[in-house]
Amino acid sequence: MTAPEIRQQFLDFFVSKGHHIVPSSPIVVKNDPTLLFTNAGMNQFKDYFLGNRAPAWKRVADTQKCLRVSGKHNDLEEVGIDTYHHTMFEMLGNWSFGDYFKKEAIDWSWELLTEVYKLPKDRLYVTVFEGDAKENLEKDQEAFDFWKQHVPEDRILMGNKKDNFWEMGDTGPCGPCSEIHVDCRPDEERAKVDGKTLVNADNPQVIEIWNNVFMQFNRLKDRSLESLPAKHVDTGMGFERLVRVIQGKFSNYDTDIFSGTIQHTEQLTHLKYGGTDNKQDVAFRVIADHIRAICFTIADGQLPANTGAGYVIRRILRRAVRYYFSFLEQKKPLLHELVPVLAQQFANVFPELQQQVDFVKKVVFEEENNFLRTLDSGIRRIEDFMGNAKQKSIDGRTAFELYDTYGFPYDLTSLIAAENSFSVDEKGFEAAMKEQKDRSRAATELDMGDWTILDENPASTFVGYELSETHTSVTKYRKIKAKGKEQYQLVLAQTPFYAESGGQVGDTGTLSFNGESITVTDTKKENNLIVHFVDKLPADVTTSVKAEINRNNRLNTTLNHSATHLLHAALRQVLGTHVAQKGSLVNPEYLRFDFSHFAKVTDEELAQIEDIVNEKIRANIPVVIKEMPKDEAMQLGAMALFGEKYGDVVRVVIMDPAYSVELCGGTHIGATGELGLFKFTSEGAVAAGVRRIEAVTGGNALTFVNEQLQQLKDIKAAIKNAKEPVKAIETLIQDKAALEKQLEVLEQEKVRQLSASLLQQVEQVNGINFLGKVVEAGSADALKQLCFNLKNEISNHVLLFAANIAGKANVALMISDNLVAEKGLEAPKIIKEKIAPLIKGGGGGQKSFATAGGQEAGQLQQVIAQVKGML
RNA sequence: GGGGGAUUAGCUCAGUUGGCUAGAGCGCUUGCAUGGCAUGCAAGAGGUCACCGGUUCGACUCCGGUAUUCUCCA
């Protein structure tokens, strides 16, 4: 059975049990401060379990893209070493939201594994929660009894709270779970060691494949548990492991999920994958695993970056590069070649990659190149260090500096060191690393207080599409403390405040409690909750409150948001439909729009785009906003964004059905004419294949144009209102250059004349050609010039020039090389010992030429005499 | 968000206790050589040393700030 068949059978099976199949949510998580990436199938259903939202279907199944790069068994550095852990993986899951419970879940999982997938029953083990006295929890007898219908009792194992009781977080829904493990060892080994002793014991051949969670409790603040009125089922089965088991492979990497990329890597490197534990084979696995994580996160809109989620992608990509660089002897970008292979493989499951394959490839290529350059310069740096080292060792501080400042991986440092029989102080490195981590942690410490709940119903309704103010009440609030600054977060029963989302910034405004006015500085989303940020609490938080947004800011933001839609459509019209939104910022001042495009947008194209947008503004198109099923919206040709999660009912913003139809939750104006005017303020690049446009609308656009006009007016005035200002300025610049050149020639001539006259005044002192003069000079540089002009005219020389420049003494002394060698005369010595004290200053230079300066300019003649006297 | 670097010619980079007429390689221009090309030889152009302020007789160099960028951590 092929992997796609196995996936399809899972979905078909649960359809036959009355489940609705939903698409995978994006792998990159938005609006959840506790999570960077989707790490479990249930993430997208969190609100259902929390009761923040009612589920649209009671039975759901899907395959979910997940990413795990930290945690006990999923340390990034471990992936590829073994045969069954991954960064990105697919999680197959089925859910019941207050519908079926333990019996069905257990029956169906058994049926699917043994009847459909035909796994041998005697190789399966199940675990059941054994109970926990401290929590006053009983053994999950129900689950045990249901399993007994299918599995002999000696293969039903009891598990403790750590393995068999699942909690979403510190508080919230939780419950016992039941895992299914499979023993893949050969029969001889199974005869020797009983499989049940190896369950949950980190044996690579005895692995968990499916976890069924039965949510029946709610964990309260005080750590106590209460029964949930509605009980849920939440399951997750690792797709890669399942396929491996069904296909009877020794390793996940031997399945057809990974074999395509591995074969392609073999072709590119002319090496062979052997499936062993040696470094070369580890490298093959690392690449096969990491390329998936890289591609799907980029396709979901997360570009490599140096903070947050983007930094995680960058680290994964760099780890892959490190492995092919060190162990596959590849010094050129390789990963990007695998992107089309992967896109093809997943075209039917996760089409977003295939749809953006050129873009993803380009981003990966640039990122690889970038890191290879970093490696290159790091290697130069480390070789440089070893070349100058007195001992054959690299201290921890240096190793850490290479890593921390120059991004050079520690394992490469240690590898290169070993090749040159250098040792590395690993302890010192670790210590420096720990210091860095502690510092960072201390700086980001965020003290988040408990919610104080005033109203048990946590639902929070947004009324800001229609209203700019409303009377409501606070449902809960809490204190947060970040970097010594105290703030409060409030949640209202109803709110006109728009929470930052889809690039549109959160509203600001005021909350009035009994006449006490509190300023809202920002509004953000936490999952589906709208959180208002304020600097202080009112005297009485329980009274009714008038919530009022800053209307002017909202209006300007709204103008910019509508303009963003017009711009997006115009970009696709002029540049092509490959243009996809990669980022957007909409605030009261301006709009910023990042999109995929591979070339600079030319001035002509920009003008054309701007024209189209302004044309649409003048056409005063009514903006129609409708809610409709997603399928219907897609039929209208609505633009949806990659990496954005949409519900089944979507909000559609239409500005002429033939021009712009977008799924959007933001605020918009009534008709495009309200925008007044649209002007670009800048165009540039932000990353490989991503361009950024900034623009202004309405009053801001007018201000912008007026400023530009004023500037032009000022320029014209500055050049006496010349008829052709551009030509006048060009002439001015040309003339200036010509004059500068002339001036230079004249000054050189002047110095030449001075030199010539000085040449006549050379004296013989002790067989030395001595020339010492106090001269007029405009700068210390001129004295230097004099010396260098004359040095070729006079041999066997000591040249000394002094000048009073702006009240300060400046001296230049030149001694011909032969005198330096023969008589031991050294310019810096003379400067420091004989001249500097006279002029109250200092100086130095090289043996044949040195300069000095000082505060006392009255002693210049004595300087000359002093030097002359010592010859 | 916190730490550490970097910013010098069109590009890649040197510049060693503050004083070297700011350099190298590649590229560019011109000339010469070779039947042509790859190329070789020679000459030359090209720099507000990111920006602003400070210390100093003197700052590419030291100090502070700003901008941009790289990098590590969270």
Side-chain angles (χ1 to χ4, degrees), chain A residues 33-34 36 69-70 304-312 314-315 318 367 369-371 373-378 380-381 384 388 397-410 413 429-430 432-446 482-485 684-687 737 740-741 748 751 779-792 799 802-814 817 820 826-832 835-860 863:
Chain A
T34 63
L36 286 179
V69 287
S70 57
N306 56 7
T307 55
Y311 183 52
V312 176
R314 177 164 283 173
R315 270 169 55 194
R318 290 184 168 194
E367 189 68 19
N369 253 323
N370 225 318
F371 186 54
R373 269 201 297 275
T374 300
L375 288 183
D376 231 37
S377 69
R380 275 211 305 278
R381 216 167 266 281
D384 199 45
N388 292 325
R397 199 188 52 77
T398 301
F400 184 70
E401 185 186 281
L402 278 166
Y403 174 67
D404 179 61
T405 303
Y406 302 103
F408 196 71
Y410 177 81
T413 297
F429 175 84
E430 295 294 344
M433 188 71 163
K434 184 174 180 305
E435 227 173 90
Q436 154 101 314
K437 288 188 177 181
D438 290 346
R439 208 177 20 237
S440 283
R441 225 173 262 131
T444 42
E445 208 144 71
L446 183 74
K483 290 204 277 181
K485 213 182 120 201
V686 275
E740 274 172 352
K741 198 92 193 166
Q748 274 170 6
V751 172
S779 70
D781 226 35
L783 296 180
K784 201 190 273 178
Q785 280 296 336
L786 268 182
C787 288
F788 280 91
N789 275 334
L790 289 167
K791 75 182 258 195
N792 293 328
L799 307 176
N804 177 335
I805 298 165
K808 285 172 181 169
N810 277 268
V811 181
L813 172 65
M814 177 167 271
D817 292 336
V820 173
E826 289 181 11
K829 214 172 155 192
I830 298 170
I831 284 274
K832 279 181 184 145
I835 297 173
L838 279 175
I839 57 175
K840 287 190 182 150
Q846 56 180 14
K847 281 183 181 174
S848 62
F849 178 75
T851 57
Q855 290 153 309
E856 185 55 65
Q859 306 275 325
L860 297 179
V863 167

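Residue numbering restarts at 1 for every chain, and letters A, B, ... go by the order of the sequence lines.
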(message) Under 4.0 Å, heavy atoms only, any strand: does A:G844 hit a base, just the sugar-phosphate, or nothing?
(response) base
Between the protein and nucleotides 55-57 of chain B, list the N/O to N/O atom pairs that are separated by less than 3.5 angstrom.
| unit_1 | atom_1 | unit_2 | atom_2 | d |
| --- | --- | --- | --- | --- |
| B:C57 | OP1 | A:Q855 | NE2 | 3.4 |
| B:C57 | N1 | A:G853 | O | 3.3 |
| B:C57 | O2 | A:G853 | N | 3.0 |
| B:C57 | O2 | A:G853 | O | 3.3 |
| B:C57 | N3 | A:G842 | O | 3.2 |

(request) Compare side-chain N and O positions of A:R315 against OP1 and OP2 of B:C72 and report whether any pair is under 4.0 Å apart. (result) no
(request) Would you please confirm or rule out a distance under 4.0 Å between OP1 or OP2 of B:U71 and any side-chain N or O of A:R318? (result) yes
(message) What's the separation between atom CG in A:N369 and atom CG in A:D376, rounded to the nearest 0.5 Å?
(response) 10.5 Å
Grab the N/O contacts between the protein and nucleotides 12-18 of chain B below 3.5 Å, and write none if there aren't any.
none

(message) For A:I835 versus A:A852, what's the shortest heavy-atom pair and its separation?
(response) CG2-CB, 4.5 Å
(message) Tell me the closest heavy-atom pair linking A:T413 and A:A399, and the distance in Å.
(response) CG2-CB, 4.4 Å
(message) From the set B:G2, B:C72, B:U71, return the single nucleotide nearest to any side-chain atom of A:T374.
(response) B:U71
(request) Any chance you could measure A:R381, atom CZ, to A:L402, atom CG, to the nearest 0.5 Å? (result) 7.5 Å
(message) If I take atom CD from residue A:Q859 and atom CG from residue A:N804, how far apart are they, to the nearest 0.5 angstrom?
(response) 12.5 Å
(message) According to side-chain contact (heavy atoms from CB on, under 4.5 Å), who are the partners of A:Y403, at least two apart in sequence or on a separate chain?
(response) A:F400, A:F429, A:M433
(request) Round to the nearest Å and state the distance from A:D817 atom CG to B:C20 atom C1'. (result) 12 Å
(message) So which atom in A:P837 and which in A:K832 form the shortest heavy-atom distance, rounded to 0.1 Å?
(response) CD-O, 3.5 Å
(message) Give me the distance, rounded to whole Å, that separates B:U16 from B:C62 when you measure between the C1' atoms they each carry.
(response) 16 Å
(message) If I pick the C1' atom on B:G27 and the same atom on B:G10, what distance separates them, to the nearest angstrom?
(response) 7 Å
(request) Runs of at least three consecutive Watson-Crick or G-U pairs, both distances under 3.5 Å, are what I'm after; which ones involve RNA chain B? (result) B:1-7 with B:67-73, B:10-13 with B:23-26, B:28-33 with B:39-44, B:50-54 with B:62-66
(request) For A:Q855, check side-chain contact (heavy atoms from CB on, under 4.5 Å) against everything at least two apart and list the hits. (result) A:K840
(request) Return the value, rounded to whole Å, for the distance between atom CD of A:E856 and atom P of B:G58. (result) 15 Å
(message) Nearest whole Å is fine: how far is B:G4 P from A:R439 CZ?
(response) 7 Å
Return the polar atom pairs (N/O with N/O) between nucleotides 21-23 of chain B and the protein under 3.5 Å, or none.
| unit_1 | atom_1 | unit_2 | atom_2 | d |
| --- | --- | --- | --- | --- |
| B:U21 | O2 | A:Q785 | NE2 | 3.4 |

(request) Taking all non-hydrogen atoms of both residues into account, name the closest pair between A:A836 and A:G842 and its distance. (result) CB-CA, 3.9 Å
(message) Nearest 0.5 angstrom please: A:E401 CD to A:T398 OG1, how far?
(response) 6.5 Å
(request) Taking all heavy atoms of A:M814 and all of A:C787, pick out the closest pair and write down the distance. (result) SD-O, 3.7 Å
(message) I need the CD-P distance between A:E401 and B:G4, as an integer number of Å.
(response) 12 Å
(request) Please identify each residue that fulfils salt bridge (Lys or Arg N to Asp or Glu O under 4.0 Å) with A:K784, with sequence neighbours left out. (result) A:D781
(request) For A:A850 and A:I831, work out which heavy atoms get closest and say how close. (result) CB-CG1, 3.7 Å
(message) To the nearest 0.5 Å, what is the distance between CD1 on A:I805 and CG on A:N810?
(response) 4.0 Å
(request) Determine the contact category for A:R373: base if any of its heavy atoms lies under 4.0 Å from a base atom, sugar-phosphate if only primed atoms, P, OP1 or OP2 are that close, otherwise nothing. (result) nothing
(message) Using whole Å, what does the distance between atom P of nucleotide B:G3 and atom CG of A:D404 come to?
(response) 12 Å
(request) Could you check whether A:S848 gets within reach of a base, just the sugar-phosphate, or nothing at all, counting any heavy atom under 4.0 Å? (result) nothing
(request) State which of B:G4, B:G2, B:U71 makes the closest approach to the side chain of A:N306. (result) B:U71
(message) Both A:T405 and A:F400 contact RNA chain B. Which one's nearest nucleotide lies toward the 5' end?
(response) A:T405
(message) Test of understanding: with side-chain contact (heavy atoms from CB on, under 4.5 Å), list the residues that count as partners of A:S848, not counting sequence neighbours.
(response) A:D817, A:V820, A:Q846
Could you list all N or O pairs between the protein and nucleotides 59-69 of chain B that sit under 3.5 Å apart?
none

(message) Taking only the P atom of each, what is the distance from B:G58 to B:C11 in whole angstrom?
(response) 33 Å
(request) Measure from CG on A:L402 to P on B:G3 and round the result to the nearest Å. (result) 22 Å
(request) For A:M433 and B:U71, give me the distance from atom CE to atom P, rounded to whole Å. (result) 15 Å
(request) Provide the distance between the two C1' atoms, one in B:G46 and one in B:G23, to the nearest whole Å. (result) 14 Å
(message) Here's a test for you: under side-chain contact (heavy atoms from CB on, under 4.5 Å), which of A:V811, A:V863, A:L860 qualifies with A:L838?
(response) A:V863
(message) I need the CG-C1' distance between A:L783 and B:G19, as an integer number of Å.
(response) 13 Å
(message) Nearest to the A:K437 side chain among B:A74, B:C72, B:U71, which nucleotide is it?
(response) B:A74
(message) Distance check, P atoms only: B:U30 and B:C72, in whole angstrom units.
(response) 45 Å
(request) Can you sort out the partners of A:D438 under salt bridge (Lys or Arg N to Asp or Glu O under 4.0 Å), two or more places apart, ordered by chain and number? (result) A:K434, A:R441
(message) Could you tell me how far B:G2 sits from B:U48 if I compare only their C1' atoms? Round to whole Å.
(response) 34 Å
(message) Quick check: any donor-acceptor pair below 3.5 Å linking the side-chain of A:Q436 to the base of B:G2?
(response) yes
(request) Determine the interatomic distance between C1' on B:C49 and the same-named atom on B:U61; round to the nearest Å. (result) 10 Å
(request) With sequence neighbours left out, write down each residue that passes side chain to side chain donor-acceptor pair (under 3.5 Å) with A:N370, or none if nothing qualifies. (result) none
(request) Please state the P separation for the pair B:C70 and B:U12 - nearest whole angstrom. (result) 13 Å
(message) The criterion is side-chain contact (heavy atoms from CB on, under 4.5 Å); which residues satisfy it with A:F371, sequence neighbours excluded?
(response) A:R318, A:V321, A:T374, A:L375, A:P409
